[in-house]
Amino acid sequence: MLPALPNPFYYLDNFRVLLNWISARYADLLLPAELAFVDGFARLPHASQALLVRMVMRKGEWFRAGKLNYAEIGDTRAAAQPLLAAGWISADPLLTLAEVAPLLTRAEVLSQLPPQASTARLAKDALVAAWADIAPEAQSFSQWYPPDTLYQLDLRPLCDRLRLMFFGNLRQDLSEFVLAELGVYRYEKVDIPAEARVFRSRADVDHYLYLHDCRSRFEDGAPCEEIAALLTNLQLDNPWLEERRGRVLYALGQQFERQAAWDDAARMYALSIDPSARVRTVRVLERQGRHAEALHAAHALLNHHDCDEVSVQQLHRMLPRLQRATGAPIIRKSRKAAVERIDLCLPQPPAPLTVEHAVVAHLHCDDAPVMYVENTLINALFGLLCWPALFAPIAGAFFHPFHFTPADLASPHFRQRRQALFDAALAQLESGQYVETIRQRFIEKAGIQSGFVAWSVIDQTRLDLALDCLPAAHLRLWFERMLCDITTNRSGFPDLVQFWPSERRYRMIEVKGPGDRLQDNQTRWLNYCLDHGMPMAVCYVTWA
DNA sequence: ACTTTACGCG
DNA sequence: TTCACACGATCTA
DNA sequence: GATCGTGTGTCTCGCGTAAAGTCA
Ligand SMILES: [Mn+2]
Ligand SMILES: [Mn+2]
């Protein structure tokens, strides 16, 4: 049980912090009307401020007075009056039946229908359908349901904008404040300059919101052509936003592919700067039967010097097919790295246990314990050793108190911007100091949110075993590869690690159940590790 | 009377 | 808005 | 067997409550 907060208006305090943060850093990016809100909010009566924040933190834009019951606010209708006068909420909006139905319970819907024995037992959907036959298309809430009053929150777009400018994303919200205060989340303390802000221009904020809206509409099933038109001529000079645009375009391309709209898909991929879009361009040509063009495009990409590892892997897999289809000589690059293979026939464990657990149970013994850790072990060791580099107050990396990774983690310059800090961290692997550093940091930083440390998975025992059995040279190789492309290379590690503490050695085991195959990122890590002489194995399981 | 799900909450 | 697995379709050896 | 595409479950803080559906 969490301790209660002493201040019943804690959420209002948090909102004020956000507003002050915004007005201190972003006054030049706000319109006069938006500044007027920030200003005017502070002059509202206390209870009205609180009520507005309660609505902002809840879902939707419509709120029934009867459902806004807060002891610390008191009379809801009285608190709402100043908000109505300011025009930040409106009363008794016009609604369609489809809009009003979710606001009413089944019993309330029934109460507004003429009493008929035939309707009394119907499900809510059926009651609403019956209501549609006798009700107008749209009417005010008080006409739909006289017993209660409805308010409409008109500030959602502005509050989303402020939330975005504060967090730099729309995934986080005001609950971060209270969760941090309660200690549910603990965040690393990073010095944030008084002027630090993630957006440099209002246009960038507008564009982020625009792209987010495009993505939402796409996910809600809007026609691809419609979203495509919204993105096609969008000019962005901010690389971060252009990447976000590229990801939406890529998703659109995939959807067009599902519809076999090859030309549209190719158009989306051509507009996208996402590297995977270039590979899909080749695949679309192939699916169109344009094999010679596809082969040519594949070679063009492969010959380009900055073709990334993922694309190279995917293109190489396409080459034999394209070469066969075009009659070109088939060049097979069948360099199959020899990896130890373990074949097991095991009884299928009952849910929720998985094939990985079955293999753990089979291979585990007291002097050679096995852990099911996937990416979490190496990521945690990396995150602990490189903690000062990851949380270094680099300009632009941290701009609010609730980061669990630096904002520029995916940037190609990520490592270079922290070169000295990463060099120092990795140098500890040469000196042997890393063991003590990681142990100490595990204690010192325990529980603090980090994108690399899953605290619930890593305990002292596992950490000690890992530090005893994993050679520093191998840690160095893993970390170096991760740093080449952190977002790509932080996943794909094998499922299991087995340790022999008495011999100070280990092996990694990727488990494959029936029907499962090595995935691309697993193959890349496997090949890298084998190339460097690391002990790897793949365990294929069939059910007894 | 029971389960499932969505939401609000600190 | 991540990551990994499950599974079916299709084609090739 | 290899490859590709698609769907699913797991993450997201954990708890209490209301609402709706399911079943007898
Ligand atoms: Mn796995
Ligand atoms: Mn596996």
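Each chain gets a letter, A, B and so on, in the order the sequences are listed, and its residues count up from 1.
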When rounded to the nearest Å, what value does the distance between P atoms of C:dT1 and D:dG9 take?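 Here C:dT1 and D:dG9 have their P atoms 22 Å from each other.
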
Which part of the nucleic acid does A:Glu356 contact within heavy-atom distance under 4.0 Å: base, sugar-phosphate only, or nothing?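 Here A:Glu356 touches the backbone only, sparing every base.
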
In terms of side-chain geometry, is the basic nitrogen of A:Arg163 or A:Glu176 positioned less than 4.0 Å from the acidic oxygen of its partner?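 A:Glu176 and A:Arg163: not salt-bridged.
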
Encode nucleotides 7-13 of chain C as B, S and - characters from 5' to 3', where the letter depends on protein heavy atoms closer than 4.0 Å: B to the base, S only to sugar-phosphate, - to neither. -----SS

Scan every strand shown for a Watson-Crick or G-U wobble partner of D:dT10, both distances under 3.5 Å, and answer none if you come up empty.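 With both distances under 3.5 Å required, D:dT10 matches none.
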
Between A:Gln49 and A:Arg16, is there a side-chain donor-acceptor contact under 3.5 Å, judged purely by atom types and distance?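 A pair is found: one side chain offers a donor N or O, the other an acceptor, under 3.5 Å apart.
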
Quick one: on DNA chain D, does A:Gln449 or A:Arg258 contact a more 5' nucleotide (nearest heavy atom)?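 That would be A:Arg258.
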
Note: A:Arg524-A:Asp520 ion pair, threshold 4.0 Å (strictly below):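 A salt bridge is absent here (no side-chain N lies under 4.0 Å from a carboxylate O).
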
Reckon A:Glu374 touches a base, only the sugar-phosphate, or nothing at all at heavy-atom distances under 4.0 Å?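 Result for A:Glu374 = sugar-phosphate.
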
Among B:dG10, C:dA4, C:dC5, which nucleotide has an atom closest to any side-chain atom of A:Glu510?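 Closest nucleotide among those given: C:dC5.
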
Give a yes-or-no answer on whether the side chains of A:Gln255 and A:Arg258 include a donor-acceptor pair shorter than 3.5 Å.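 Yes.
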
Under 4.0 Å, counting only non-hydrogen atoms across every strand here, what does A:Arg287 touch: a base, just sugar-phosphate, or nothing?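 Since only primed, P, OP1 and OP2 atoms lie under 4.0 Å of A:Arg287, the category is sugar-phosphate.
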
Taking the six-membered ring of A:Phe452 (Phe, Tyr or Trp), confirm whether the NZ or CZ of A:Arg490 is under 6.0 Å from its centre and within 45° of its axis.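 Yes, cation above the ring, under 6.0 Å and within 45°.
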
With rounding to whole Å, what would you report as the distance between D:dC11 and D:dC15 at their P atoms?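 D:dC11 and D:dC15 have their P atoms separated by 14 Å.
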
Between C1' on D:dG1 and CZ on A:Arg341, what's the gap in Å once rounded to a whole number?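 After rounding, the gap between these two atoms is 12 Å.
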
C1' atoms of B:dA6 and D:dT12, separation to the nearest Å: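 Result for the C1' pair: 15 Å, nearest Å.
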
Taking any heavy-atom pair under 4.0 Å as a contact, classify A:Phe177: base, sugar-phosphate, or nothing.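 A:Phe177: no heavy atom of the nucleic acid under 4.0 Å.
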
Is there a donor-acceptor contact under 3.5 Å linking the side chains of A:Asp485 and A:Thr487?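 Result is yes, a qualifying pair exists.
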
Determine the interatomic distance between P on B:dC9 and the same-named atom on D:dT6; round to the nearest Å.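 Rounded to whole Å, the distance is 41 Å.
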
Tell me which of A:Ser491 and A:Arg247 sits closer to the 5' end of DNA chain C, going by the nucleotide each one is nearest to.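 Looking at the nearest nucleotide for each, A:Arg247 comes out on the 5' side.
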
Taking the C1' atom of each, how far is C:dC3 from D:dG14, in whole Å?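 Those two atoms are separated by 24 Å.
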
Scan A:Arg121 against the nucleic acid and name what it touches under 4.0 Å (heavy atoms): base, sugar-phosphate only, or nothing.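 No contact at all - A:Arg121 keeps every heavy atom at 4.0 Å or more from the nucleic acid.
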
Toward the 5' end of DNA chain C, by each residue's nearest nucleotide, A:Arg171 or A:Gly492: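 Residue closer to the 5' terminus by nearest nucleotide: A:Arg171.
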
Check whether any side-chain nitrogen or oxygen of A:Arg283 sits under 4.0 Å from OP1 or OP2 of D:dT3, and answer yes or no.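 Checking D:dT3 against A:Arg283, no side-chain N or O comes under 4.0 Å of OP1 or OP2.
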
For A:Leu179, report the nucleic acid contact type (base, sugar-phosphate, nothing); a contact means any heavy atom under 4.0 Å.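 Touches a base.
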
Lys NZ or Arg CZ of A:Arg287 over A:Trp262 ring: under 6.0 Å, within 45°: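 The answer is no; the distance or angle limit is not met.
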
Out of C:dC3, B:dC9, D:dG5, whichever nucleotide has its closest atom nearest the side chain of A:Arg490: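 Looking only at side-chain atoms, A:Arg490 lies closest to C:dC3.
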
Are side-chain N/O atoms of A:Arg278 and A:Ser311 paired as donor and acceptor at under 3.5 Å?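 Absent: no donor and acceptor within the cut-off.
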
Please name the residue in the list A:Phe15, A:Phe166, A:Tyr11 that meets the ring pair (Phe, Tyr, Trp, His ring centres under 6.0 Å) test with A:Phe177.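 That would be A:Phe166; it is the only one of A:Phe15, A:Phe166, A:Tyr11 passing the ring pair (Phe, Tyr, Trp, His ring centres under 6.0 Å) with A:Phe177.
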
Using a 4.0 Å heavy-atom cut-off, does A:Tyr11 contact any base of the nucleic acid, only the sugar-phosphate backbone, or nothing at all?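 If one applies the 4.0 Å heavy-atom cut-off, A:Tyr11 turns out to touch nothing in the nucleic acid.
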
Nearest whole Å is fine: how far is C:dA4 C1' from A:His357 NE2?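 Those two atoms, NE2 and C1', are 14 Å apart.
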
Spacing of A:Leu211 atom CG relative to C:dT1 atom P, expressed in whole Å: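 About 11 Å, once rounded to whole Å.
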
At under 4.0 Å between heavy atoms, how does the protein contact nucleotides 19-24 of chain D? Give one character per nucleotide, 5' to 3', with B, S or -. SSS---

Whole-Å distance between B:dG8 P and A:Leu68 CG?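 Checked: the CG to P distance equals 10 Å.
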
On DNA chain D, does the nearest nucleotide to A:Ser175 precede the nearest nucleotide to A:Arg517 from the 5' side, or the other way round? Give the residue.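 Looking at the nearest nucleotide for each, A:Arg517 comes out on the 5' side.
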
Between A:Trp387 and A:Glu188, is there a side-chain donor-acceptor contact under 3.5 Å, judged purely by atom types and distance?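 A donor-acceptor contact under 3.5 Å links the two side chains.
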
Is any NZ, NE, NH1 or NH2 atom of the basic residue among A:Glu340 and A:Arg507 found under 4.0 Å from an Asp or Glu carboxylate oxygen of the other?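 Yes.
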
